[in-house]
Each structure stands twice: as structure tokens, then as C-alpha cells.
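All remarks here apply to the structure that follows.
As the structure is a computational prediction, the values presented were derived from the model and not from experiment.
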Amino acid sequence: MLSSSTSTLRLHQPTRPHRRHPPAPAAGGATHLGPSRRWRGPPLRARPQRIRALDAAQPFDYESRAAGLLEERQRLKIAIVGFGNFGQFLARTFARQGHTLLAHSRTDHSALAATLGASFFTDPHDLCECHPDVVLLATSILSAEAVLRSLPVHRLRRNTLFVDVLSVKEFPKNLLLSSLPPDFDVICTHPMFGPESARDGWDGLPFVFDKVRVGDCPARRARAEAFLNIFECEGCRMVEMSCAEHDAHAAETQFLTHTVGRMLAMLELRSTPINTKGYETLLRLVDNTCSDSFDLYNGLFMYNKNSTELLNRLEWAMDSVKKKLFDGLHDVLRKQLFEGSAQAPSTSNVRK
């Protein structure tokens, strides 16, 4: 039985202490509570800021970033050794594609190199100390060995890629393999065009290459592909073949062309008012072949073992054509002398 003092029953809910929210942190993440007010709760953490894209739902364009990194990896630092006519011709395209260029030559081409954004080095030691990704040998065939042996290759990184662009292939292949350390990569190439034949672009023109030695490492394989991609991006017809096979074909496609062009140049052919299309083709052949130095032509003969045989075949062909012409002339003369109707003059018709 309840007493009167307890006649009124009150239920009391447990009260929760009022939770104080900490003041917002000031700039820089610091919270100013004053010396007498200290925050005793859990440590404050800065609220993460959300990155919002302006034109897309994604906060970051990962595809664009990945493409940029790929493009950056494909850019090479290329040292052109032999900065003559052909080296400068290649350098213009390399520079346009965004590659870093270094140049070295016996002749001072520093002013021209500057117009292409290339750094020119008169001392090969300074060139090698820049640690290029690729050393491009663009000298003449006759001077290639001397130039290569003058390079301080011990100053290069030990897996540097060497590439040659000589017009013969077995000779530079053997030279590079015998002269360079075994860790260096080697690709032998031959752009089958030059400043004259490619003045309208490289699209469709053949580019021959042989991956003579490329290390089995992703970075080294990627570097080799990045260099070859320079020519593929310009539309070249990429032809992979061995150096020996190249020289067998080049004896006919290149050495024969240069030989015929220089033979025609000895005739001092001139344009006439009645030029035929074929004759104009011969005049262009003279211009294209004789614009190259004789050292190039001599190198095609000296350093391609197939050239001597081709010269012998060319001489045999000329003799065969001459023989056929003179044999026909001989037959005509014999018929006139022994089968003709002409008779010796009669003495009765001679005036006395």
C-alpha cells in the first residue's frame, strides 16, 4: 500500500549530457580554443575536400593522364653523330615530334643545330656525358669506323641503344657488334629515301630495319619500339629484314640506280624541246643520284659484297646489247654485198 507521499508517481528519463561541437578549425588546420578552453574529445581531422570536375562526373581524368605519361615515355634523347646533310634531314622530323636532340660532327653546325632546338657538341666526351637514350650513327660509310672508334662509349650508360642509318647493312652490323660493349643494344636501319626523294613527306616510303641486339627487358624493348615508332608515325612502310638480305636487294635497287645515273651524267645530257617522258625520267635520275656525294656511291661499292657481281652483270648486259646490234648490222651488210642486185659497171657504157 502506497503512502500519500508517493501517491504521485513520476518517471524520470536519464538525461544525456549536452555534446559540444568543437569550433571549426581555422585556416591551416589549427584550432584556437584559448588558454582556458581545451578540447578533450578525439583528435580533430581535417575534412577531406572533394575534387569536382568541371565537365565530367569523374574527379580526375585518368585517361588523359595515362596518355600523357605514355607520350612522355616515348620521347627520346637522341644523339646524332654525323650532323651532315642526311643527319640534319632526320633531325628536322625528330625535333617536330618532340624528341630531345644532341648533335656532334667534325664540322661546326652549331648555328643550324640551334634552329632545330638541338644542342651541338664539338667534343664527343661532352656528348656522351649527356647520357642519350639513342646514339644515331649518320656518318658516311667510309668514315663510320673511324668515327665510332673515336667515341668514348665508356661514358655512356651501359645499355645505350646504337642505331645506324648507313646505306649498307652487313658492314655496320659487324662493326657495331665488334666495337661496342655486349650490353649495348644495336638496331641497323636504312631509310630508303633522302632529302630529295622525301621532300614531300615520308608517307609510303620504305624503312628497312633489323633488331640485331635488343636486351630482354621491358624498358629496353620499349625504347627500341619508341625509336622505330618515329618512322611509323610518319607513314613509312616498315620492312623488317636481315642485314644480309638487305644488301642483296640494295645492290640492285640502289647501287645499280646510282651506277646508271652516274653513267648518264658522264654523257652530259641536257633537256631538249622534244623531251619524251622516258627522257625526263633519265634527267631526274641524274639529278637524284648525283646530288649525293661520290663517297656515298663509293661506299655502296666498297662495303657491299654484291656490288662487284652486279657490275660484272651490267658489263655483260651492255656487251650483249652491243653484240646484238652489231650482229644485225653485219647481217644487213652481208646481204647487200652477196645477195644484192647491184652489178659491177659494164665497160661498154664507159665513155671513151
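- The hydrophobic clustering, which links ILVMFWY residues whose side-chain heavy atoms are closer than 4.5 Å, places Leu333 and Phe326 together.
- Considering only heavy atoms from C-beta on, Met238 comes within 4.5 Å of Cys236 through its side chain.
- Among residue pairs with one or both ends in residues 237-268, those qualifying as ring-ring contact (aromatic ring centres under 6.0 Å, His included) are His190-His246, Phe255-Tyr297; sequence neighbours excluded.
- Residues Thr257 and Thr289 meet the side-chain proximity criterion, which asks for heavy atoms closer than 4.5 Å.
- The environment of Lys173 atom NZ is sparse: at most 12 non-hydrogen atoms of other residues, nucleotides or ligands sit within 6.0 angstrom.
- In the displayed structure, Glu315 atom CD is contacted under 6.0 Å by at most 12 heavy atoms of other residues, nucleotides or ligands.
- In this structure, the salt bridge (charged side-chain N to carboxylate O under 4.0 Å, His left out) partners of Glu252, at least two apart in sequence or on a different chain, are Arg313.
- Inter-residue side-chain proximity for Leu296 and Ser293 is flagged as met; some heavy-atom pair is nearer than 4.5 Å.
- Taking the side chain as every heavy atom from C-beta outward, Ile78 and Ile230 approach each other to under 4.5 Å.
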Quiz prompt | Met263 and Thr259: CA distance, side-chain angles, deciding distance, side-chain contact (heavy atoms from CB on, under 4.5 Å) verdict | solution = CA-CA 6 Å; Met263 289 172 58; Thr259 299; 4.0 Å; yes
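- Annotation: the span from Asn288 atom CG to Arg284 atom CZ amounts to 8.5 Å, rounded to 0.5 Å.
- In this structure, the separation between CG on Leu151 and CZ on Arg149 is 11.0 Å, given to the nearest 0.5 Å.
- Here the straight-line distance linking atom OG1 of Thr189 with atom CG of Asp210 works out to 10.0 Å at 0.5 Å rounding.
- Between Leu300 and Ser167, the shortest heavy-atom distance links the atoms CD2-CB, 3.5 Å.
- With hydrophobic clusters built from ILVMFWY side chains whose heavy atoms lie under 4.5 angstrom apart, Phe294 shares a cluster with Phe301.
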Exercise. Would you check, one step at a time, whether the test side-chain contact (heavy atoms from CB on, under 4.5 Å) holds for Gln97 with Glu234?
Key: CA-CA 10 Å; Gln97 289 191 9; Glu234 295 297 320; 2.8 Å; yes
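- Side-chain atoms of Cys128 and Val153, non-hydrogen and from C-beta on, never get closer than 4.5 Å to each other.
- The distance from atom OG1 of Thr160 to atom NZ of Lys77, rounded to the nearest 0.5 Å, is 10.5 Å.
- With sequence neighbours excluded, the residues forming a side-chain contact (heavy atoms from CB on, under 4.5 Å) with Ser140 are Leu142, Ser143, listed by chain and number.
- Put simply, the residue from Thr139, Thr107, Leu112 that forms a side-chain contact (heavy atoms from CB on, under 4.5 Å) with Phe83 is Leu112.
- Partners of Glu309 by salt bridge (charged side-chain N to carboxylate O under 4.0 Å, His left out), not counting sequence neighbours: none found.
- Across Gly201 and Leu205, no two heavy atoms sit closer than the pair O-CD1, 3.5 Å.
- Residues passing the side-chain contact (heavy atoms from CB on, under 4.5 Å) test with Asn275, sequence neighbours excluded: Ser271, Thr272, Tyr279, Glu280, Leu283.
- The side-chain contact (heavy atoms from CB on, under 4.5 Å) test applied to Val214 returns Asp185, Ile187, Lys211, Arg221, Ala224, not counting sequence neighbours.
- Nearest heavy-atom pair across Val212 and Cys243 is CG2-SG, 4.4 Å.
- Listed by first and then second residue, the side chain to side chain donor-acceptor pair (under 3.5 Å) pairs involving residues 194-206 are Glu196-Arg199 (not counting sequence neighbours).
- A ring-ring contact (aromatic ring centres under 6.0 Å, His included) check over residues 92-141, counting only residues at least two apart or in different chains, returns nothing.
- For the residue pair Asp108 / Ser110, a side-chain donor-acceptor distance below 3.5 Å is found, with atom types taken as modelled.
- Taking a cutoff of 4.0 Å between a charged side-chain nitrogen and a carboxylate oxygen, Asp133 and Arg157 qualify as a salt bridge.
- Residues Asn306 and Leu310 fail the side-chain proximity criterion, which asks for heavy atoms closer than 4.5 Å.
- In this structure, Met266 shares a hydrophobic cluster with no other residue, the cluster being traced through Ile, Leu, Val, Met, Phe, Trp and Tyr side chains under 4.5 angstrom apart.
- When the side chains of ILVMFWY residues are joined at heavy-atom separations under 4.5 Å, either directly or via intervening members, Leu311 and Leu285 end up in a single hydrophobic cluster.
- In this structure, CD1 on Ile80 lies 9.0 Å from CG on Leu102, to the nearest 0.5 angstrom.
- Residues Val81 and Leu136 are not in side-chain contact: their nearest non-hydrogen atoms beyond the backbone lie 4.5 Å or more apart.
- Following chains of ILVMFWY side-chain contacts shorter than 4.5 Å, one cannot reach Leu137 starting from Val165, and the two form parts of different hydrophobic clusters.
- Checked against side-chain contact (heavy atoms from CB on, under 4.5 Å), Ala244 has the following partners two or more places apart in sequence or in another chain: Glu170, Ser242.
- Pairs passing the ring-ring contact (aromatic ring centres under 6.0 Å, His included) check and including a residue from residues 164-189, sequence neighbours excluded, read Phe162-Phe184, Phe171-Tyr303.
- A heavy-atom distance below 4.5 Å is found between the side chains of Leu176 and Leu148.
- Here Val208 is tied into one hydrophobic group with Met192, Val239, Met241, each link being a pair of ILVMFWY side chains closer than 4.5 Å.
- Of the inter-residue distances, the one linking Leu314 atom CG with Asp319 atom CG reads 9.5 Å to the nearest 0.5 angstrom.
- When all heavy atoms of Ala138 and Gly87 are compared, the pair lying nearest together is CB-CA, 4.3 Å.
- Looking at every heavy atom in both residues, Gly194 comes nearest to Phe86 through CA-CE1, 4.0 Å.
- By the criterion of side-chain heavy atoms lying less than 4.5 angstrom apart, applied directly or through intervening Ile, Leu, Val, Met, Phe, Trp or Tyr residues, Phe209 is grouped together with Leu90 in one hydrophobic cluster.
- When all heavy atoms of Gly299 and Val168 are compared, the closest pair comes out as O-CG1, 4.2 Å.
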